[in-house]
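Below: one structure, written as structure tokens.
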Amino acid sequence: MKLTTKLMAFSAIVSASSASAVELEVMHWWTSGGEAAAVAKFAEAWDASGNKWIDGAIAGGGDTARPIMVSRIIGGDPPAAFQFNHGRQAEELIEAGLLLDLTDVAEAEGWADIVNPPSLLDACTVDGRIYCAPVNIHSWQWMWLSNGAYEKAGVPVPTNWAEFTETAPALQEAGITPLAMGGQSWQQNGAFGVMAVALAGEEAWLAVNRDKNADVVMGPEYARVFEAFGAARELSAGLNVQDWNQATAAVINDTAGAQIMGDWAQGEFAVAGKVAGTDYSCLPGLGDVAILSTGGDAFYFPVVDDAEITAGQKELAAMLLSPPVQVSFNSAKGSLPIRGDVDLTTVNECTQKGLDLLAAGNILPAGETLISPDTTTQLNDLMTEFWNTPSMTPAEVQEQYAAIIADAD
Amino acid sequence: MALSEAAHAGAQTEQGGPSHKPVRLFKNISAKIASLPMVFTALVVFLGGTIWTVVYSFTDSGLLPRLRWDGLDQYERLWNSRKWLVSIENLAIYGVCSLIGTLVIGFTLAALLDRKVRGEGVLRTIFLYPFALSFIVTGLVWQWILNPQLGLQSVVRGMGWESFTFDPLNNSKIVMFGLLIAGLWQGTGLIMCIMLAGLRGIDEDIWKAARVDGIGTVKTYIRVIIPMMRPVFVTSLVLIASGIVKLYDLVVAQTSGGPGISSEVPAKYVMTAMFGGQNLGQGFAASTMMLVTVVIILVPWAILEFGGKKRG
């Protein structure tokens, strides 16, 4: 009798402790100052719920981190959760049945009603089942300008691309590099995408990226973009940095005039204590076409045998989308929340511009939901070659770009 | 015991004639059993893996391998890719320079140490030490040293030579030599040690005979010592060559293929295609081409070196 009670008490303790403390290893590539501050909010919230967040940060950006994550998943040693950009990157992992179906969590939490824009949830959906938890909206469509640099050069801060190129010589005279661009290939390809939306217009961009229409690449709208991109190449000479946040740092400390980079750059400005509007300015869509692409980050959860971990994974998925976590995370990261029903605590001028565009529905699907990683790699290679080979003409790169688009799946 | 048994068996065959021949398969049976795991590994892991890779290079495998035939499409795309052509060119430049550089510097250092200099132990440790570092660390260290803002260039400028410019990592024409410096710094120490061991193996009498004949030191090295060290050179060659083909981590750490695609190498092409681009088929095609190249170079050389007459 006594023994039975003891055993029962013991098993109760065991089950209680196992239910409350799930250790989940979460892999991501958020390592810059602003990003690390943001992911710490997730970890705090998860630890506060009595569980344990094991941080698996991988330095070097998505191109470095994704292969490591994929090889761990395929190799049978998956992390409990991992970050991807939602879209086509996880397509095959889902088809192979390696990722956890989150449809029951999504239904219980009513994700279909709260996730705004709905395209984010569509990007997580394959055959009607939901496989990822979107956590933020990121948009490439931004140019960040240093007010201090333009003050030094004695010219007003530009409000569109044409003004930017006109004022560039004044900056160069003052010893400032007009355009900060890091050496990694995705940065050059990404900046080109932003310029394509701004200078060729939404329709042409969709025809190329969604419909894979190579004729449009060879058309007059895109020709203008390639010309402008060639001109931008000259404006970035003199600043040799690799990582995007080093390029952002150049804008922060006024050694460069501007950077075309997604809204994650704003986290760096925040960490450096800069104020939007007074220290730096922002132009969505380069000031020409006020529109946001709605890409972003999402968490995927590999299938594991352990029922306890599976329960933990679902609990974590629900937590990532809960209002307080959404607010604290996105405030730190400079990204926009994926639900329209929360108010960010610290909304600065730039974030407000983004929220307004989102509310007005001026949105585009993100490039990575339209273009496969294979094609993206080819485009990255092409654009970085162009950027670093002064002898390569815009006409040459245009032709090769069209060839890649024609072959794209 | 085994010996006596064998002797006994031998005696039996002599007596009993052809009817009692021992089966060759069971000769040295324990040694054969012991080598089975290695044979298995060689067949399944090396040969099997290679065949598997070659087969799947003819498919359109994406993130995961799948047997959907794609003919020669992957190879066609490979050889139309600018990046692949640049990669091969870079590997050729790096390979030739690294092979010659490592052998010349390694042998020279070894020969100098062999002249019974003072503090040989200390110098040997210093030269060998970089080999203890991984390529990633080597790459990062040299990225900093060659960084114009905080490395070599700024030091020289700080000493008063204001116009000094040395920025190989941001110049696509000479970036491979920036990698080469790091590679040589890391790799020559080991080759030096192997060469030194070879030099120590040369009989003192050879030197005495050379001195009696009045042959100069340099000439003795070139005409007498180096030909005698042929096996040592072969070992060094294999070590250096395998290091060249697998060149990857140094590039990733030091330049990540940049500026642009000017320091891409084949191994990095394979990795990017397979994991970055989620296109296994393309990566397999590229690695198959790497294998073919190595085989084309290796087989004739191996036949020349090891085939025909037996040594020793």
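Letters A, B, ... mirror the listed sequences (proteins, then strands); counts begin at 1.
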Handout entry: From OG (A:Ser185) to CD (B:Glu264), nearest 0.5 Å
Key = 8.0 Å
Handout entry: Residue B:Thr255 versus chain A: region with a heavy atom under 4.5 Å
Key = backbone
Practice task
Return yes if some donor-acceptor pair links the side-chain N/O of A:Glu92 with the main-chain N/O of B:Leu64 below 3.5 Å, else return no.
Solution key: yes
Practice task
Using a cut-off of under 4.5 Å on heavy-atom pairs, state which of B:Val86, B:Asn147, B:Ile261, B:Val252 scores highest against chain A.
Solution key: B:Ile261
Fill in the blank from the handout: Honestly, the part of B:Asp167 sitting under 4.5 Å from a heavy atom of chain A is side chain
Handout entry: Contacting moiety of A:Gln89, where chain B heavy atoms sit under 4.5 Å
Key = both
Practice task
Under 4.5 Å heavy-atom distance to chain B, tell me which part of A:Leu93 shows up: side chain, backbone, both or neither.
Solution key: both
Handout entry: Part of A:Thr377 lying under 4.5 Å from any heavy atom of chain B
Key = side chain
Exercise for the section: Look at atom CZ of B:Phe131 and say whether more than 12 heavy atoms of other residues, nucleotides or ligands are closer to it than 6.0 Å. Expected result: no
Problem - Approximate separation, where rounding is to 0.5 Å, of A:Gln242 CD and B:Gln143 CD - result: 6.5 Å
Handout entry: Exceeds 12 heavy-atom contacts within 6.0 angstrom, atom CG of A:Asp77
Key = yes
Completion exercise
Residue from A:Gln378, A:Glu95, A:Glu91, A:Met69 scoring the most non-hydrogen pairs under 4.5 Å with chain B is A:Gln378
Exercise for the section: To the nearest 0.5 Å, tell me how far A:Asn380 CG sits from B:Thr272 OG1. Expected result: 10.0 Å
Exercise for the section: Apply the side-chain contact (heavy atoms from CB on, under 4.5 Å) test between B:Leu63 and each candidate in A:Ile73, A:Asp374, A:Val70; give the one that qualifies. Expected result: A:Val70
Practice task
Mind ranking A:Ala96, A:Ala403, A:Pro67, A:Gly183 by heavy-atom pairs under 4.5 Å with chain B and telling me who comes out on top?
Solution key: A:Pro67
Fill in the blank from the handout: Between the CD atom in B:Gln278 and the OG1 atom in A:Thr375, the distance rounded to the nearest 0.5 Å is 11.0 Å
Handout entry: B:Trp52 atom CH2: more than 12 heavy-atom contacts under 6.0 Å
Key = yes
Fill in the blank from the handout: Output for pair (B:Arg82 CZ, A:Leu382 CG), nearest 0.5 Å, gives 10.0 Å
Handout entry: Least distance between heavy atoms, B:Gly260 atom then A:Asn388 atom
Key = N-ND2, 2.8 Å
